[in-house]
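Down below is the structure, laid out as structure tokens.
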2 protein chains.
Amino acid sequence: MQLSKSSQYAIRILAFMANHQEMQPMNANKLSEELLIPYKFLTKIMNELVKADLIVSIRGREGGYSFAKPPSEIIIDEILAIFHDSIKDEQCVLGIGFCNGMCKCALHDQWMEPKILMQKMFRESTLEKIAGQGCKI
Amino acid sequence: MQLSKSSQYAIRILAFMANHQEMQPMNANKLSEELLIPYKFLTKIMNELVKADLIVSIRGREGGYSFAKPPSEIIIDEILAIFHDSIKDEQCVLGIGFCNGMCKCALHDQWMEPKILMQKMFRESTLEKIAGQGCKI
DNA sequence: CTTAATTACCACCTTTAGGTAGAATTAATT
DNA sequence: AATTAATTCTACCTAAAGGTGGTAATTAAG
């Protein structure tokens with residue numbers, strides 16, 4: 001029961017970048033060293049963030065990555081969605097097809113509250129909001 | 001962000017068995033057909049439940065599976081633990097090593113409440129409690 | 001004793017997540 | 001124009017999850 005490594009890394013990378021907007025564009029080497037994320041894996045993730053239009057990349061010398069839009073407009077759920085980690089409304093904790101009022105799973109009622117809280121957390125947290133928190137790793 | 005198939009199946013299987021205690025021992029064929037879980041995968045899961053002492057198996061004709069202890073004494077978290085799906089106290093949502101007061105991740109504070117709720121849900125739900133709920137698939 | 005019904009075990013297959021390698025492309029600097 | 005520092009692309013590798021096949025072991029029933 002946890003996020004994929006890709007999602008975890010992506011959030012940490014973007015939060016770090018949001019904390020150092022003056023250093024943009026920021027290159028993959030720097031990010032890899034600061035966050036202790038394998039270089040090649042990191043570039044793969046960054047590339048997906050570029051394709052998803054969260055990040056723009058500048059190739060060549062003095063290049064690197066910068067935000068495609070301000071961190072205040074990027075929500076965590078948007079990042080999770082890229083790596084298929086977002087919690088959908090209809091998602092059943094026991095994986096049955098249609099888990100709703102008609103035919104619900106054995107954990108449906110208990111699952112409601114934590115599920116809604118997680119969705120709320122992922123949907124209401126912007127990068128800007130969370131960037132200030134924590135010890136920036 | 002979801003439970004493994006093994007955990008999902010195991011909970012559904014055990015809840016079903018708790019709902020039909022008069023039919024014990026219950027064999028793999030019956031469980032597979034009722035719950036639409038691939039036979040071979042199901043027997044693999046049952047075997048793990050046997051090794052974990054949640055279930056006892058009886059081989060041979062008229063054999064099958066029965067509870068090793070009453071469903072009122074089996075909590076969901078115990079099942080999740082078998083498949084490495086339990087949510088540990090120190091588990092960080094962004095996967096950093098030590099996420100606590102000293103050095104916490106950017107989502108630490110927001111993660112607290114849903115995490116505690118999920119742990120509560122998994123730790124306080126017994127099989128007996130959840131068995132009655134839902135439409136028994 | 002034989003047969004049929006059952007679980008246990010071992011080995012494998014397929015798909016996905018996580019991660020790596022190397023060459024191609026781009027662009028600033030010299 | 002050459003060099004160098006950077007991203008991008010394609011392809012691959014490894015480990016784990018999910019799933020299957022075949023057979024041995026066990027046991028009740030006939």
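So that the names make sense, note that chain A is the first sequence line, chain B the second, and so on, each numbered from 1. Scope of the values below: all heavy atoms of this structure, side chains included, with no hydrogens, waters or symmetry mates.
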*Going by the ring-ring contact (aromatic ring centres under 6.0 Å, His included) test, name the single residue among Phe41(A), Tyr39(A), Phe16(A) that passes it with Tyr9(A).*
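Looking at Phe41(A), Tyr39(A), Phe16(A), the match for Tyr9(A) under the ring-ring contact (aromatic ring centres under 6.0 Å, His included) is Phe41(A).
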*With Gln2(B) as reference, evaluate Gln2(A), Lys88(A), Gln91(A) under the side-chain contact (heavy atoms from CB on, under 4.5 Å) test and give the passing residue.*
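Exactly one pass, corresponding to Gln91(A).
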Could you state the atom-to-atom distance from [atom1] of [X] to [atom2] of [N] in whole Å?
| X | N | atom1 | atom2 | answer |
| --- | --- | --- | --- | --- |
| Tyr65(B) | dT27(D) | OH | P | 14 Å |
| Glu48(B) | dC9(C) | CD | P | 11 Å |
| Met46(A) | dA6(D) | CE | C1' | 13 Å |
| Gln24(A) | dA6(D) | CD | C1' | 16 Å |
| Gln8(B) | dG18(D) | CD | P | 8 Å |

_More than 12 heavy atoms from other groups under 6.0 Å of CE on Met112(A)_ =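 No, because the 6.0 Å sphere around CE of Met112(A) holds 12 heavy atoms or fewer from other groups.
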*Heavy atoms under 4.0 Å, any strand shown: does Lys30(B) hit a base, just sugar-phosphate, or nothing?*
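It contacts nothing in the nucleic acid.
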*Could you check whether Thr43(B) gets within reach of a base, just the sugar-phosphate, or nothing at all, counting any heavy atom under 4.0 Å?*
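Nothing, no nucleic acid heavy atom in range.
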*Under 2.5 Å between the sulfurs of Cys103(A) and Cys135(B), yes or no?*
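Answer is yes, sulfur atoms closer than 2.5 Å.
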_For a quick test of reading the model: is some side-chain N or O of Asn29(A) closer than 4.0 Å to OP1 or OP2 of dA6(D)?_
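Negative; the distance criterion is not met.
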*Interatomic distance, Gln24(B) atom CD to Met17(B) atom CE [nearest 0.5 angstrom]*: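 The distance works out to 4.5 Å.
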_Under 4.0 Å protein heavy-atom contact, by nucleotide of nucleotides 15-28 of chain C - B base, S sugar-phosphate only_ = ---SBBBB--BBBB
*Flag the pair Lys129(B) and Asp109(A) as a salt bridge only when some basic side-chain nitrogen lies within less than 4.0 angstrom of an acidic carboxylate oxygen.*
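No, no charged N to carboxylate O under 4.0 Å.
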